[in-house]
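One structure is given here, and the rest of the page talks about it.
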Amino acid sequence: MKTRSIASLLLTTALTFAAPGVASAQDKTVKIGALSDQSGLYADLGGPGSTLAAQMAVEDSGLAAKGWKIDVISGDHQNKPDIGTAIARQWFDVDKVDVIVDVPNSGVALAVNNVIKEKNGVYINSGAATSDLSNAQCSPNTVHWTYDTYMLAHTTGQALVKAGGDTWFFLTADYAFGAALERDTSAVVTANGGKVLGGVKHPLNTPDFSSFLLQAQASKAKIIGLANAGGDTTNTIKQAAEFGIGKGGQKLAALLLFLTDVKAIGLETAQGLNFTETFYWDMNDKTRAFSKRFAEKMKNNAPPTMVQAGVYAGVRHYLKALEALGGNPHDGVKIVEKMKSMPTEDDLFGKGEIQPNGRTIHNAYLFEVKKPSESKGPWDFYKLVGTVPGDQAFTPLSDSKCALLKK
């Protein structure tokens, strides 16, 4: 009798300790946090549209019909690393968020990257450009979707140097993104026989670029490289036109340009600009179908930018990985490992893969802004110049400084 009681007690104890593990394996609850600039200079390229993209990815996954409960919340980091990290900690510690997506602004992104690693969450970045996220500051918890500074430099930058733009002057946003983009593009310029004549840094979200443009104009460089983004890029280009820089023979290189930027600038001023993106709404029937659904839900009826497209694709792949795991283990490293083990495929970016350093590989496209006479609709802005295969667009693993590759 005594032996039976002890055996029964041991079995009960074993089941008690096993229960949490069983529950975890069957857990089908997920909370997604879309952390973005909801009100500032990057709000149009990410912001509410990124939150919508995450919601559409959840709807299109079909997991709700299979018993999953998936919530999407949003936060505004205001382009400040301290606010971004405070929101991230609140989300993990109190709100029980599992994955953070988007995060434009490389300074915020790098800070949030550290918090997510500490909390063992999942980070799917499609908004920040710094290539350090999959190189020197890579993390087993992070996947970098859409684009980065290496890709921008080795597509737009290289194409312009080979076309004769062999002297450069940089106008750079004074934070992590601008520094990384200038660094990577300068390396490409010099590697292809060009020269960097100088550069000037400007504050984030400054309204007046006159003094910076005068320095660029005085440099006599053939190419003025704009290592900035969003509202800073649109203001630079508009004010450069007022200064007559293009008419003087110098060419602006918009190293990072978004669909919403072209809309803000207008085709009359933006026509002829060359740039690189990894997604455009009018690429094919699948991108057009998705973009139509997306635009119908947006207040300004805008199709998605490549950042918002990256949020959608990243969340879809994340949810596929969770379904393949049979539930949500709430273990960021384990989930990201599963994401890396599965090929990526969606209607927006096509087929691709996630490398061991967390870099998602997919095609990149060289575009040129159309002339007003070539545009056939409100968002018909781009014409395709060339396609760069993913394995040529992003940092080769052999050149990556990611510590994960040494394990």
Side-chain angles (χ1 to χ4, degrees), residues 33-54 73-88 100-113 123-133 144-149 151-152 171-182 201-207 209 226-238 254-265 270 275-279 281 294 298-300 302-312 314 381:
L35 183 56
S36 190
D37 175 357
Q38 298 284 346
S39 55
L41 77 166
Y42 300 147
D44 288 342
L45 62 90
S50 288
T51 306
L52 171 60
I73 63 175
S74 64
D76 186 353
H77 60 51
Q78 300 175 43
N79 292 299
K80 297 177 180 178
D82 58 336
I83 293 178
T85 54
I87 292 172
I100 292 179
V101 300
D102 195 16
V103 199
N105 186 310
S106 293
V108 180
L110 291 169
V112 169
N113 187 52
Y123 185 20
I124 304 174
N125 187 291
S126 66
T130 177
S131 58
D132 290 344
L133 283 170
H144 196 176
W145 221 279
T146 316
Y147 73 108
D148 61 30
T149 52
M151 181 275 285
L152 297 170
L171 202 156
T172 303
D174 192 12
Y175 75 108
F177 155 67
L181 186 51
E182 180 179 342
K201 291 180 171 56
H202 68 79
L204 185 67
N205 204 20
T206 183
F209 285 86
L226 306 184
N228 53 20
D232 283 338
T233 301
T234 60
N235 284 334
T236 306
I237 293 172
K238 287 178 180 178
L255 295 169
L256 179 56
L257 195 71
F258 293 94
L259 188 72
T260 46
D261 298 333
V262 178
K263 180 71 170 179
I265 298 165
F275 58 97
T276 305
E277 292 208 43
T278 54
F279 169 84
W281 71 269
F294 181 94
M298 287 288 284
K299 290 182 179 179
N300 60 353
T305 65
M306 70 169 168
V307 167
Q308 293 156 351
V311 171
Y312 176 86
F381 297 156

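All heavy atoms count here, side chains included; hydrogens, waters and symmetry mates do not.
When all heavy atoms are compared, the tightest approach of Pro303 to Leu259 is CG-CD2, 3.5 Å. Heavy atoms only, all atoms of each residue included: Thr85 and Ala111 are closest at CG2-CB, 3.5 Å. Between Gly310 and Thr146, the shortest heavy-atom contact is CA-OG1, 3.4 Å. What you find for Thr206 and Asn235 is that their closest heavy atoms are O-ND2, 4.1 Å. Taking each heavy atom of Leu35 and Gly84 in turn, the nearest pair found is CD2-O, 3.9 Å. Scanning all heavy atoms of the two residues, the minimum distance from Ala54 to Val311 falls at N-CG1, 3.8 Å.
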(request) Decide yes or no on side chain to side chain contact (heavy atoms under 4.5 Å, CB included) for Ile265 and Thr234, but give the supporting numbers first. (result) CA-CA 6 Å; Ile265 298 165; Thr234 60; 3.8 Å; yes
(request) Might you work through the side chain to side chain contact (heavy atoms under 4.5 Å, CB included) test for Ile237 and Leu257, ending with a clear yes or no? (result) CA-CA 11 Å; Ile237 293 172; Leu257 195 71; 4.2 Å; yes
(message) Quick one, Thr278 with Met151, criterion side chain to side chain contact (heavy atoms under 4.5 Å, CB included). Give me CA distance, side-chain angles, the key distance, then yes/no.
(response) CA-CA 10 Å; Thr278 54; Met151 181 275 285; 3.8 Å; yes
(request) Output, in order, the C-alpha distance, side-chain angles, deciding distance and verdict of side chain to side chain contact (heavy atoms under 4.5 Å, CB included) for Leu181 and Thr172. (result) CA-CA 8 Å; Leu181 186 51; Thr172 303; over 6 Å; no
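Relative orientation of the Phe258 and Tyr147 rings is perpendicular, given thresholds of 30° and 60° on the angle between their planes.
Asp37 places a side-chain N or O within 3.5 Å of a backbone atom of Leu41 that can act as its donor or acceptor partner. Without hydrogens or angle criteria, Glu182 side chain to Ala179 main chain gives no donor-acceptor distance under 3.5 Å. Under the 3.5 Å distance criterion, the side-chain polar atoms of Lys263 are left unmatched by any main-chain donor or acceptor of Phe381. Looking at His77, its side chain does come within 3.5 Å of a backbone N or O of Pro104 through a donor-acceptor pair. A donor-acceptor distance shorter than 3.5 angstrom exists from the side chain of Asn125 to the backbone of Gly127, with no hydrogens or angles considered.
Distance check: Trp145 CH2 to Ser126 OG gives 9.5 Å after rounding to the nearest 0.5 Å. Rounded to the nearest 0.5 Å, atoms CG (Asn105) and CG (Leu204) are 6.5 Å apart. Rounded to the nearest 0.5 angstrom, Gln308 CD and Phe279 CZ are separated by 9.5 Å. Rounding to the nearest 0.5 angstrom, the gap separating the CG atom in Asp261 from the CG atom in Leu45 is 6.5 Å. Rounding to the nearest 0.5 Å places CD1 of Ile100 at 8.0 Å from OH of Tyr123.
No more than 12 heavy-atom neighbours from other residues, nucleotides or ligands sit within 6.0 angstrom of NZ on Lys201.
Looking at Tyr42 and Val307, their side chains never come closer than 4.5 Å, going by heavy atoms from C-beta outward. Here the side chains of Pro48 and Met298 are not in contact, with every heavy-atom distance at 4.5 Å or above. Between Leu256 and Thr233 there is no side-chain heavy-atom pair separated by less than 4.5 Å. Leu133 is listed as a side-chain neighbour of Leu110, based on a closest heavy-atom distance under 4.5 Å. Residues Pro304 and Tyr312 have side chains not in contact (no heavy-atom distance under 4.5 Å, counting atoms from C-beta outward).
Counted by atom type alone, Ser39 and Asp76 present one or more donor-acceptor pairs between their side chains at under 3.5 Å. Counted by atom type alone, His202 and Asn228 present one or more donor-acceptor pairs between their side chains at under 3.5 Å. Between Asp102 and Ser50, the side chains place a donor N or O and an acceptor N or O closer than 3.5 Å (distance only, hydrogens not considered).
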